[in-house]
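Lettering of chains follows the sequences in order, A, B, ..., and the numbering in each one begins at 1.
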Number of protein chains: 2
Amino acid sequence: MTNTTLKKISEVLGLSISTISRALKNHPDISEKTKKKVVELAKALDYEPNASAIQLRTQHSKIFGLMVPTISNFFYDSFIASVEEESRKEGYSLIILQSSNNIDIENDNLKLCRQNRVTGLFACLSTGTKDMSSFLKMKELEIKTIFFDIVPEITGLNKVCMADTSVGEIAAEAIIEAKKKDILAIFGNANLSITKKRELSFRQFFKLKSTATKLSIEYALDIENATEIALEYLTKNKTVDTIFCMSDEILIGVMKAIQKLKLNIPSEISVLAISNGFIPTLFYPPITYVETSGYKLGKLAFKQMMECLSNNGTQELAFETTVESKLVKGGSL
Amino acid sequence: MTNTTLKKISEVLGLSISTISRALKNHPDISEKTKKKVVELAKALDYEPNASAIQLRTQHSKIFGLMVPTISNFFYDSFIASVEEESRKEGYSLIILQSSNNIDIENDNLKLCRQNRVTGLFACLSTGTKDMSSFLKMKELEIKTIFFDIVPEITGLNKVCMADTSVGEIAAEAIIEAKKKDILAIFGNANLSITKKRELSFRQFFKLKSTATKLSIEYALDIENATEIALEYLTKNKTVDTIFCMSDEILIGVMKAIQKLKLNIPSEISVLAISNGFIPTLFYPPITYVETSGYKLGKLAFKQMMECLSNNGTQELAFETTVESKLVKGGSL
DNA sequence: ATAAAAGGTGCAAACGATTGCGAAATGCTT
DNA sequence: AAGCATTTCGCAATCGTTTGCACCTTTTAT
């Protein structure tokens, strides 16, 4: 029962609740003298406003939701960390949710967000999400949603992504510049738009700039699968001089194969990855990678969220923005 | 304005708000016929209770807070993922907070938890936390707090930890069994109780079981520092046959040194780590490690939280529980 | 037939804060 | 000293839900 409320303060001071409320908000109606008294007592009594009451009254929650397929992921955890930082600065709390790539859980999570009347939602779609109706329901409730990384294909929504097209091109350009001739490129889930974009731009850049390069494309389901693919190419087909990895998972799988075969990087095999930047530095020489920063994407997503919120009422804008990427040279290419 | 409330339902049905409320909660006072009508309309109107209103009325939030020094960490992210899973099952939401090892932020975060009237808090102390008063304030407000991983030294609090003593012993035992004779053991921040426990038990086990072993102890501040230390020992002092790493960070640093020197594992140098299990598998051969599972710790912490909550009122119990650990053999020892 | 006991429902207060509006108190003008 | 503006504050409704209590029907017992 140590909870201090406006009422308690008002009783002690013999003032009305509304006066206390206004004094604490520095309302011009209240005299400096009163304000001072109130603020001092509030501090002494450790007054902390009840968020539920405020939310109920103002219909405004100071809470954001953030849903990812999984928290344990180099990209997402830095994204989360980034958004959390900004949220705190703005006085918002963050409710974190994992969908585990399960559509039922995803919907449950959305419901939780609605029940908590979150002000906004940062959402990364789970792999299998086709039906966007739950998300559209958020829109009806005026819960601003920013989609990131894995985003719906329909238009008219707020989305932030890595500039996947340029990511593919940067990677291809780096390989061509290094004069590599026989490339094994391993991509992830072929159904995701992110994979499609990266692969298409990667391929097209080669077609455009270097006809002399041999390009083998494979898709890996997980780390083990990437290892298998790499092992097969590296043992059977000894001509491959470079392996391109679309993600950290694939890089990890490929590196297992390379270490197992005790191949020297880059003299015997070159490696290039698309990565958040952590995994590539675990190896020696560090792997050269095209940076896709969850941290930067988080900052962008947050910025966009704040714009959505400030742009309140007027017209319903929807942006699609991207984070540009760059090549970070290690010693593997 | 698509928000359905009890009031709206009551108006449509010509019943009172209280009847709707009770019908939806399956209260025995309400007739089956009425219940059916209400439930159906609620579904049709997509009724979703307003969490703020419920919290305000019941003084009970269905929200947990979870604070870690940083989200981007193999151990913490799996801990978070684990707690999130359980929370969802129980209908709780999770507010995630990072302290960034900054005491001011830590206090801000605690304040956020208080304002949101979280039901419980999972807290991992930041490195510099000496003053526990903010945490004790939580206790006054009857916010159940479970400390994990890095916990306060004072007693009478709920704590869950890895069984750090046995972790040290398991590691020492594995090294002795492998008949290693010249060990470099690198630990982390020497001020943390977790470091002290692990080091002490590690040391004592050697003193007890193997007097013939040479043991060099060092402390690394970060990844780079670990690399430096390892490089120095491995180049100057060629007799070291095993490196023990207290954490993933240190393992990463050490592996950089080993890869740089192109030393063969385990023929030229053996490695043993304490780890969550992810990093060790990135290398070939996989590193042998003593498992400290953030996932398991999360499950334990959650269980303890639920016990705290159910044990409501009666007596104020405080438990200190631990997760046992085990050796996971790779090929590095 | 009548009183008592269920059964079904509604009233109204409460949770803690915000806010439009009105009222009292003060100061100023002439 | 009377009138008016300004400053300072309180009243009361409201947000959506829960819940103790009272009320009105039925049914059941006598």
Side-chain angles (χ1 to χ4, degrees), chain A residues 1-39 41-42 45-63 91 111 114-119 141-142, chain B residues 1-39 41-42 45-63 91 111 114-119 141-142:
Chain A
M1 286 303 96
T2 75
N3 251 327
T4 305
T5 66
L6 292 185
K7 192 177 173 190
K8 205 166 284 178
I9 298 180
S10 78
E11 283 165 359
V12 174
L13 253 36
L15 291 167
S16 77
I17 294 180
S18 30
T19 301
I20 309 297
S21 172
R22 291 190 174 100
L24 254 19
K25 303 184 91 66
N26 202 22
H27 189 104
D29 270 7
I30 308 298
S31 71
E32 289 304 325
K33 218 177 359 169
T34 306
K35 277 182 194 167
K36 190 153 168 280
K37 272 200 303 187
V38 172
V39 168
L41 184 63
L45 257 45
D46 243 341
Y47 171 72
E48 284 178 344
N50 183 317
S52 309
I54 295 177
Q55 289 169 209
L56 180 58
R57 171 63 222 229
T58 64
Q59 308 284 45
H60 212 73
S61 77
K62 281 284 181 183
I63 297 180
K111 184 186 286 186
R114 276 180 254 125
Q115 294 183 355
N116 282 300
R117 301 293 192 270
V118 299
T119 297
L141 292 173
E142 295 180 41
Chain B
M1 286 300 97
T2 75
N3 251 329
T4 306
T5 66
L6 292 186
K7 192 176 174 190
K8 205 167 283 180
I9 298 180
S10 79
E11 283 166 357
V12 174
L13 252 36
L15 290 168
S16 75
I17 295 180
S18 32
T19 301
I20 308 297
S21 173
R22 290 190 174 99
L24 254 18
K25 304 184 91 67
N26 203 23
H27 190 105
D29 271 7
I30 309 297
S31 71
E32 289 304 325
K33 217 176 1 167
T34 305
K35 278 181 193 168
K36 188 153 169 281
K37 272 200 303 186
V38 172
V39 168
L41 184 62
L45 258 45
D46 244 341
Y47 170 72
E48 284 178 345
N50 183 317
S52 307
I54 295 177
Q55 288 169 212
L56 179 59
R57 171 63 222 225
T58 63
Q59 309 283 47
H60 212 72
S61 76
K62 282 285 181 179
I63 297 181
K111 183 185 286 187
R114 276 181 254 124
Q115 293 183 355
N116 282 300
R117 300 296 191 269
V118 299
T119 297
L141 292 174
E142 296 180 41

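Listed by chain and number, the residues in a side-chain hydrogen bond (donor to acceptor under 3.5 Å, both in side chains) with B:T5 amount to none (sequence neighbours excluded). Contacts of B:R114 classified as side-chain hydrogen bond (donor to acceptor under 3.5 Å, both in side chains), with partners at least two apart in sequence or in another chain: A:E48. In this view, A:I54 and A:P49, A:T58 satisfy the side-chain contact (heavy atoms from CB on, under 4.5 Å) rule, not counting sequence neighbours. Residues that satisfy the side-chain hydrogen bond (donor to acceptor under 3.5 Å, both in side chains) test with A:T34, not counting sequence neighbours, are A:S31. Annotation: side-chain hydrogen bond (donor to acceptor under 3.5 Å, both in side chains) contacts of A:S10 (sequence neighbours excluded): none.
Remark: A:T19 is not in phosphate contact with D:dC9, judged by side-chain N or O atoms under 4.0 Å from OP1 or OP2. Within the structure, a side-chain polar atom (N or O) of A:Q59 is placed less than 4.0 Å from OP1 or OP2 of D:dG16.
Residues in residues 30-39 of chain A take part in these salt bridge (charged side-chain N to carboxylate O under 4.0 Å, His left out) pairs, two or more places apart or across chains: A:E32-A:K35, A:K36-A:E40.
At whole-Å resolution of the value, CD1 in B:I9 and P in D:dT17 are 8 Å apart.
Among the protein residues, B:T34 comes within range of the sugar-phosphate backbone only, with heavy atoms under 4.0 Å from sugar or phosphate atoms but none that close to a base. Looking at heavy-atom distances under 4.0 Å, B:L15 makes contact with sugar-phosphate atoms alone, never a base.
Of all the residues in residues 20-31 of chain B, B:S21, B:R22, B:K25 reach under 4.0 Å from DNA chain D with at least one non-hydrogen atom.
In terms of position along DNA chain C, the nucleotide closest to B:K35 lies nearer the 5' end than the nucleotide closest to the other residue of the pair B:A53 and B:K35.
Remark: the A:T58 side chain and the D:dC15 base include no donor-acceptor N/O pair separated by less than 3.5 Å.
Here chain B contacts DNA chain C (any atom closer than 4.0 Å to a heavy atom, that is under 4.0 Å), and the contacts span C:dG8 to C:dG16 from 5' to 3'.
Direction change of the helix axis from one end of the helix from C:dA1-D:dT30 to C:dT30-D:dA1 to the other is 60°, with five pairs defining each end axis (rounded to 10°).
For the side chain to side chain contact (heavy atoms under 4.5 Å, CB included) criterion with A:L15, the lone passing option out of A:I20, A:L6, A:I9 is A:I20. The only option from A:V39, A:V38, A:T4, A:L41 that meets the side chain to side chain contact (heavy atoms under 4.5 Å, CB included) definition with A:Y47 turns out to be A:T4.
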